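Hydrogens, waters and symmetry mates play no part in the numbers below; they use all other heavy atoms, side chains included. Residue numbers start from 1 in every chain, and the chains themselves are labelled A, B, ... in the order their sequence lines are given, proteins ahead of strands. Since we're looking at a predicted model, the values are computed, not measured.
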Protein chains: 2
Amino acid sequence: MAIHKKDEFSQKEQDLATFAKALSHPARIAILKVLAQKNECICGEIVAVLPLAQSTVSQHLKELKTAGLISGETDGPRSCYCINWKAFEKFITDFNTLFEKLKSVNTKCC
Amino acid sequence: MAIHKKDEFSQKEQDLATFAKALSHPARIAILKVLAQKNECICGEIVAVLPLAQSTVSQHLKELKTAGLISGETDGPRSCYCINWKAFEKFITDFNTLFEKLKSVNTKCC
DNA sequence: ATCTTAGATCGTAAATATACGATAAGTAAA
DNA sequence: TTTACTTATCGTATATTTACGATCTAAGAT
């Protein structure tokens with residue numbers, strides 16, 4: 001029980017799931033928006049906008065970073081984050097490819 | 001602590017997060033593939049293909065259904081599931097729109 | 001009417017996610 | 001050096017997810 005079986009799926013399926021998981025919380029979607037709209041992607045600005053504690057935002061940022069969707073540099077006492085477009089687009093493409101493929105095969109059974 | 005604050009984000013952010021969450025497990029991605037590739041989208045065929053117990057697959061199907069990505073009809077003693085393309089494409093479009101928008105605004109700060 | 005089959009649901013255990021406050025660690029300014 | 005500021009990390013509580021076996025339900029077969 002509760003022994004996770006994620007590893008028994010294909011790498012592509014796991015990658016897509018990991019990407020989706022990174023986006024599966026509204027706070028992380030909001031963070032991505034802020035990162036793109038501000039020229040200076042300072043952590044503090046994100047904290048100011050979101051209805052969450054600083055430590056919680058930091059945790060969400062870490063998850064986005066671990067998933068490879070953003071990258072961060074420490075800049076003096078601050079941290080500068082930005083979107084990792086390369087990895088991001090790779091996933092978007094994979095998603096679209098998968099769904100395009102699914103759509104062409106589908107034959108509406110119900 | 002642990003009082004979820006998802007409701008404090010915008011509806012669009014919540015919708016995208018819900019969609020992403022539905023796709024955030026490789027089993028559910030695999031299920032969507034099977035649903036598209038088989039003409040007869042019978043639950044049993046999914047169970048046969050996945051490395052999971054019947055009850056677990058049923059649970060994943062329920063989550064996909066709750067998220068609106070698939071719909072299901074009981075057909076005698078069996079259950080027929082299929083992909084809800086309308087809702088599916090709505091989300092895909094929203095995703096692409098969001099990311100396209102983000103991309104155009106970004107100015108590479110780090 | 002009973003048996004079989006397919007699937008959903010219940011109960012449960014363990015893992016993971018969410019959130020916060022407190023604290024640590026590092027830089028900049030006084 | 002001390003102080004203030006910014007962010008990361010730790011500890012912790014609670015909620016949710018994942019997974020299974022067992023059981024319930026409903027339809028079809030005998």
*How close or far is atom C1' of C:dA6 from atom CD1 of B:Ile46, stated in whole angstroms?*
13 Å
_Distance below 4.0 Å between B:Ser79 side-chain N/O and C:dA8 OP1 or OP2_ = yes
*Got a second to check how far B:Ser79's OG is from B:Ile42's CD1, nearest 0.5 Å?*
8.0 Å
_With a cut-off of less than 4.0 Å, is there a side-chain N or O of B:Arg28 near OP1 or OP2 of D:dT18?_
yes
*Hey, is the side chain of B:Thr56 poking within less than 4.0 Å of OP1 or OP2 on D:dC20, counting only N and O atoms?*
yes
*asked:* Quick check on DNA chain D: between B:Ala27 and A:Gly44, whose nearest nucleotide comes earlier from the 5' end?
replied: A:Gly44
*Could you state the CG-P distance from B:Leu61 to D:dT17, rounded to the nearest angstrom?*
16 Å
*Among D:dA8, D:dA19, C:dT18, which nucleotide sits nearest the side chain of B:His4?*
C:dT18
*At what distance, to the nearest 0.5 angstrom, does CG of A:Leu69 lie from CG of A:Leu61?*
11.5 Å
*asked:* If I take atom NZ in residue A:Lys62 and atom P in nucleotide D:dT6, what distance separates them, rounded to the nearest angstrom?
replied: 22 Å
*asked:* Tell me whether the side-chain N/O atoms of B:His60 come closer than 4.0 Å to OP1 or OP2 in D:dT17.
replied: no
*Where the side chain of A:Lys5 is concerned, which of D:dC20, D:dT7, C:dA19 is the nearest nucleotide?*
D:dC20
_Rounded to whole Å, how long is the line connecting atom NZ of A:Lys65 with atom P of D:dT9?_
8 Å
*Look at the rings of B:Phe9 and A:His25 and say which category their plane angle falls in: under 30° parallel, 30 to 60° tilted, over 60° perpendicular.*
perpendicular
*Please state how far atom CD in B:Gln14 lies from atom P in C:dT18, giving the value in whole angstrom units.*
14 Å
*Rounded interatomic separation in angstrom, taking CG from A:Asp7 and P from C:dA15*: 15 Å
*Measure the distance from CD1 on A:Ile70 to C1' on D:dA8 and round it to the nearest whole Å.*
14 Å
*What nucleotide among D:dT7, D:dA15, D:dA8 has an atom nearest to a side-chain atom of A:Ser58?*
D:dA8
_Nearest whole Å is fine: how far is D:dT18 P from B:Leu50 CG?_
14 Å
*So, is B:Lys21 near the phosphate of C:dA17, with a side-chain N or O under 4.0 Å from OP1 or OP2?*
no
_Most 5' of B:Lys6 and B:Gln54 on DNA chain D, judged by nearest nucleotide_ = B:Lys6
*May I ask you to say what A:Glu63 touches in the nucleic acid, namely base, sugar-phosphate or nothing, with a heavy-atom cut-off under 4.0 Å?*
sugar-phosphate
*Using heavy atoms to find the nearest nucleotide of DNA chain C for A:Ser24 and B:Thr74 separately, return the residue whose nucleotide is more 5′.*
B:Thr74
*Can you tell me if NZ on A:Lys90 sees more than 12 non-hydrogen neighbours from other groups inside 6.0 Å?*
yes
*Starting at CD of A:Gln11, measure out to CG of A:Leu16 and round the result to the nearest 0.5 Å.*
10.5 Å
*asked:* For A:Lys12, is the NZ atom crowded, meaning more than 12 foreign heavy atoms sit under 6.0 Å from it?
replied: no
*Report which part of the nucleic acid A:Ser55 touches: base, sugar-phosphate, or nothing (heavy-atom distance under 4.0 Å, all strands).*
base
